[in-house]
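One structure is given below, encoded as structure tokens.
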Amino acid sequence: MNVRLGERSGDTSPARSGGEKVRIEGLGKSFGAGSRRTTALQDFSLTIDDGEFICIVGPSGCGKTTALRIVAGLEQPTVGSVRVVPSSDQVGRPLNAMVFQEHGLFPWLTVIDNVAFGLEVRGLSRRERHRQVEPFLKTIGLLKFRDHYPGQLSGGMRQRVSLARALVTDPEVLLMDEPFAALDAQNRILMQDELLRLWEDARKTVVFITHSIDEAIALSDRIVVMSANPGRIKEVIPVPFARPRSVAELRADVRFGELSLHIWRSLKDEVQTARQTEGIGMP
Ligand SMILES: Nc1ncnc2c1ncn2[C@@H]1O[C@H](COP(=O)(O)OP(=O)(O)OP(=O)(O)O)[C@@H](O)[C@H]1O
Ligand SMILES: [Mg+2]
């Protein structure tokens, strides 16, 4: 399935004025060889606008992480291509930054040094890095904890540090792989609101993987539903809610329930296929 600009309908978000940002064409990825060869991803094509928020949902093992890692340049595709259009205004900006479920903070560095880590490659002094990082810590409410170590923070706080570390480098595209999956339900909603608030300010292009249908609807402009192996794009669904959004309030909207049901039906068959492939629920 190939999704191009202008194919969307019903989306009232003003996010896509900036033109094309990411072009993914005919992406395929196989692992292993001979009888052990598995096709993780097939014919994955998607064009993402500057400032657009995309969520990817799909059954476990359908290739979501593989697709994101290829976009991040951490993995080579077997076929296909990814192009990230750099901004004309800023030289030396990283093409992307990733936030993982396991936040991957350095336990031996303080909060401020963890966030400042991404700036080290720019050759700035530690003092200058700290100066640039402090406003971010303030925004995410962690300035008071600047000299704490990750082990002294809650899971939600650690994930905020992780997010700040990605944002501080001002990447062209923010790639997030189930970043809130390990959080409890209340903290997850708070983090979703916080991410939306940060996103409203920065209008970064975001690709966000989640297993939560509600999370995908709350956050994104479009939801990419993937099919079970081999992972392909099954459907791309525009999310019709205006911004700014409040996650808790959005859930009370009747259209939220309808959209959630539609996506669940689209996903259910795929999840069942994936479970059968894995032998789950089989006699
Ligand atoms: N390095 C690798 N070597 C071999 N196979 C791999 C490798 N990475 C991923 N795979 C396989 O590719 C397929 C897709 O994996 P991927 O991690 O992208 O799925 P996912 O959609 O992110 O799943 P989940 O929702 O569980 O995180 C799986 O069958 C997986 O076993
Ligand atoms: Mg994954």
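Note that ligands are numbered from 1 as they come in the structure, with each ligand's atoms numbered from 1 the same way.
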Give the residue, atom name and distance (to 0.1 Å) of the protein heavy atom nearest atom 11 (C) of ligand 1.
-> Phe31 CD1, 3.9 Å
Salt bridge present between Arg23 and Glu25 (N-O < 4.0 angstrom) | yes
Counting distance only, does the side-chain N/O of Asp221 pair as donor-acceptor with the main-chain N or O of Val239 below 3.5 Å?
-> no
Between Glu194 and Arg160, does at least one N-O distance fall below 4.0 Å, as a salt bridge requires?
-> yes
Main-chain N/O of Thr65 paired with Asp177 side-chain donor or acceptor, under 3.5 Å = no
Sort by chain and number the protein N/O/S atoms found under 2.8 Å from the Mg ion (ligand 2).
-> Thr65 OG1
Heavy atom of the protein closest to atom 29 (O) of ligand 1 (residue, atom name, distance) | Gly61 O, 4.0 Å
From atom 7 (C) of ligand 1, is the closest protein heavy-atom distance below 4.0 Å?
-> yes
Short check: is a protein heavy atom less than 4.0 Å from atom 21 (O) of ligand 1?
-> yes
Check whether any heavy atom of His211 sits under 4.0 Å from an atom of ligand 1.
-> yes
Under 3.5 Å: N/O of Ser60 near N/O of ligand 1 = yes
Residue, atom name and distance, where the atom is the protein heavy atom closest to atom 12 (O) of ligand 1 = Ala40 CB, 3.3 Å
Protein heavy atom at shortest distance from atom 15 (O) of ligand 1 = Thr66 OG1, 3.7 Å
Would you call Lys204 and Asp170 a salt bridge, taking side-chain N to carboxylate O under 4.0 Å as the test?
-> yes
Okay, side chain of Thr210, backbone of Glu215: is any donor-acceptor separation there less than 3.5 Å?
-> no
Which residue holds the protein heavy atom closest to atom 17 (O) of ligand 1, what is that atom called, and what is the gap in Å?
-> Thr65 CB, 3.7 Å
Check ion pair Asp50-Arg203 (N to O, under 4.0 angstrom) = no
Any N or O of Cys62 that comes nearer than 3.5 Å to an N or O of ligand 1?
-> yes
May I ask you to say whether Glu134 pairs ionically with Arg146, meaning some side-chain N is under 4.0 Å from a carboxylate O?
-> yes
Shortest non-hydrogen pair, Ala164 vs Ile140, comes out as CB-CD1, 3.6 Å
Report the part of Glu178 (side chain from C-beta onward, or backbone N, CA, C, O) that has a heavy atom under 4.0 Å from ligand 1; answer both or neither where that applies.
-> side chain
Between Lys234 and Ser266, is there a donor-acceptor pair closer than 3.5 Å when you use the side chain of the first and the backbone of the second?
-> yes
Quick one: does Gly63 get a heavy atom under 4.0 Å from ligand 1?
-> yes
With Arg129 as the cation and Phe117 as the aromatic partner, state whether NZ or CZ is under 6.0 Å from the six-membered ring centre and within 45° of the axis.
-> no
Step through it carefully: locate the ring centre of Phe180, locate the ring centre of Phe208, and say whether they are under 6.0 Å apart.
-> yes
